[in-house]
Amino acid sequence: MYCSRLSILALVLASGIFPAPATQAKDCKDGDAPQPHHVGNFNFLTSSWVETVDNMRRYVSCVSNLDPNSDLMVTWFIAGPFQSYVPATEEAKTPRMSDDLNPRPIDGCIEYGHSGERTPAQFMGTARDDERNDEGDFCRHGATAKQVSSSDGELPPKGWTDEVRIFFPSDPDNPHDTMLELVGRIGLRTEGTSQFKTFFSYSAKQYAGRTKGNIDDVKVVPRFPDQEQFFAPAFYATNKDGVPLSADGSVEWNVTGDFKSWAPVPAYYEFRDKKDRLLSAIPMPLFGEPKK
């Protein structure tokens, strides 16, 4: 059984949660095997790295927009980010937690710009990432993105929290002038062996110099590609139309299950405009019933 609760109050983190590592400040150029991409009129850099957090690993993928004059929209299949903008000279990092202690290079693929062009982009990933990558040729034009959980392995006994910083427009027809910046924290904390709380707290504002972005035009909704019949009713019980984006907000809800073990479930928080168009998405840490 799953039950949920939304809170718009400031999120108070409980003790015993992984802190976001200080090495979060690492730049793309400092990652493992940074790869420059000079493709068409685009100029960007990709890299990734792995950090140790207690007995787990933090897998980070990073995209740096080297163009001083234009924004870059990018989807890095499996690794992330997902349909996220990287403003000129900015970086976008996507962290994922895993208990896989043996990272390996994965021959991934990145989609860039608005025309769906793709180019190879290697990243450090897990054994499960390698399996996902073998399921499809992502650099083939028109291939769809695989759903990815924000972590692999068992439910972390100490919980997990990490930092979020993404960019997306409030109006995709005018992305440059309506660009928003969102920073926050996302994670989960365990409450015994049969329940955990998943949370997302954030601050949103107009990106520097972009004066037409409107936070009120955006809402936050979850997407559950797996076990939706369990998670969606839990979330929407008190949030029938999703959560309106605000300058400062938070979402938290409980997941309860009488399972002998927990398995990661792919899930996202999506940011959508008033016409229900997808603006961007971030992985949501979520665990559920293992597949039989």
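Residues take their numbers from the sequence shown, with the count starting at 1. The figures that follow rest on heavy atoms only: side chains count, while hydrogens, waters and symmetry mates do not. Here the structure is a predicted model, which means the values were calculated and not measured.
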- Message: Could you walk me through whether Tyr269 and Phe271 satisfy the ring pair (Phe, Tyr, Trp, His ring centres under 6.0 Å) test, starting with their C-alpha distance in whole Å, then the side-chain angles of each, then the deciding distance to 0.1 Å, before giving a yes or no?
- Response: CA-CA 7 Å; Tyr269 282 116; Phe271 304 91; 7.8 Å; no

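- None of Glu90, Glu181, His176 except one satisfies the side-chain hydrogen bond (donor to acceptor under 3.5 Å, both in side chains) rule with Tyr207; the exception is Glu90.
- Both Val220 and Val164 sit in one connected hydrophobic cluster of ILVMFWY residues. Membership requires side-chain heavy atoms under 4.5 Å apart, directly or through other members.
- If you check the side chains of Thr256 and Gln195, you find a donor sitting under 3.5 Å from an acceptor.
- At a cut-off of 3.5 Å, with distance as the only test, no side-chain donor of Ser170 or Asn214 sits close to an acceptor on the other residue.
- Under a cut-off of 6.0 angstrom, the local environment of CG in Asp276 is crowded, with over 12 non-hydrogen atoms contributed by other residues, nucleotides or ligands.
- Residue pairs meeting the salt bridge (Lys or Arg N to Asp or Glu O under 4.0 Å) criterion with at least one partner in residues 63-89, sequence neighbours excluded, are Asp71-Arg210.
- For residues 72-86, the set of pairs meeting the salt bridge (Lys or Arg N to Asp or Glu O under 4.0 Å) definition, not counting sequence neighbours, is empty.
- By the 4.0 Å N-to-carboxylate-O rule, Arg277 lies close enough to Asp273 to be salt-bridged with it.
- Arg96 and Asp162 are not joined by a salt bridge, as no carboxylate oxygen comes within less than 4.0 angstrom of a charged side-chain nitrogen.
- Although no hydrogens or angles enter the test, the distance criterion places a donor-acceptor pair under 3.5 Å between the side chain of Ser61 and the main chain of Ala79.
- Between Glu163 and Arg165, none of the side-chain N atoms (NZ, or NE/NH1/NH2) sits under 4.0 Å from a carboxylate O, so this pair counts as no salt bridge.
- The ring pair (Phe, Tyr, Trp, His ring centres under 6.0 Å) analysis of residues 89-115, with sequence neighbours excluded, yields the pairs Phe42-Tyr112, Phe44-Tyr112, Tyr85-His114.
- In this structure, Trp160 is a member of the same hydrophobic cluster as Val53, with clusters built from ILVMFWY side-chain heavy atoms closer than 4.5 Å.
- Between Trp262 and Phe196, the ring center distance clears the sub-6.0 Å criterion.
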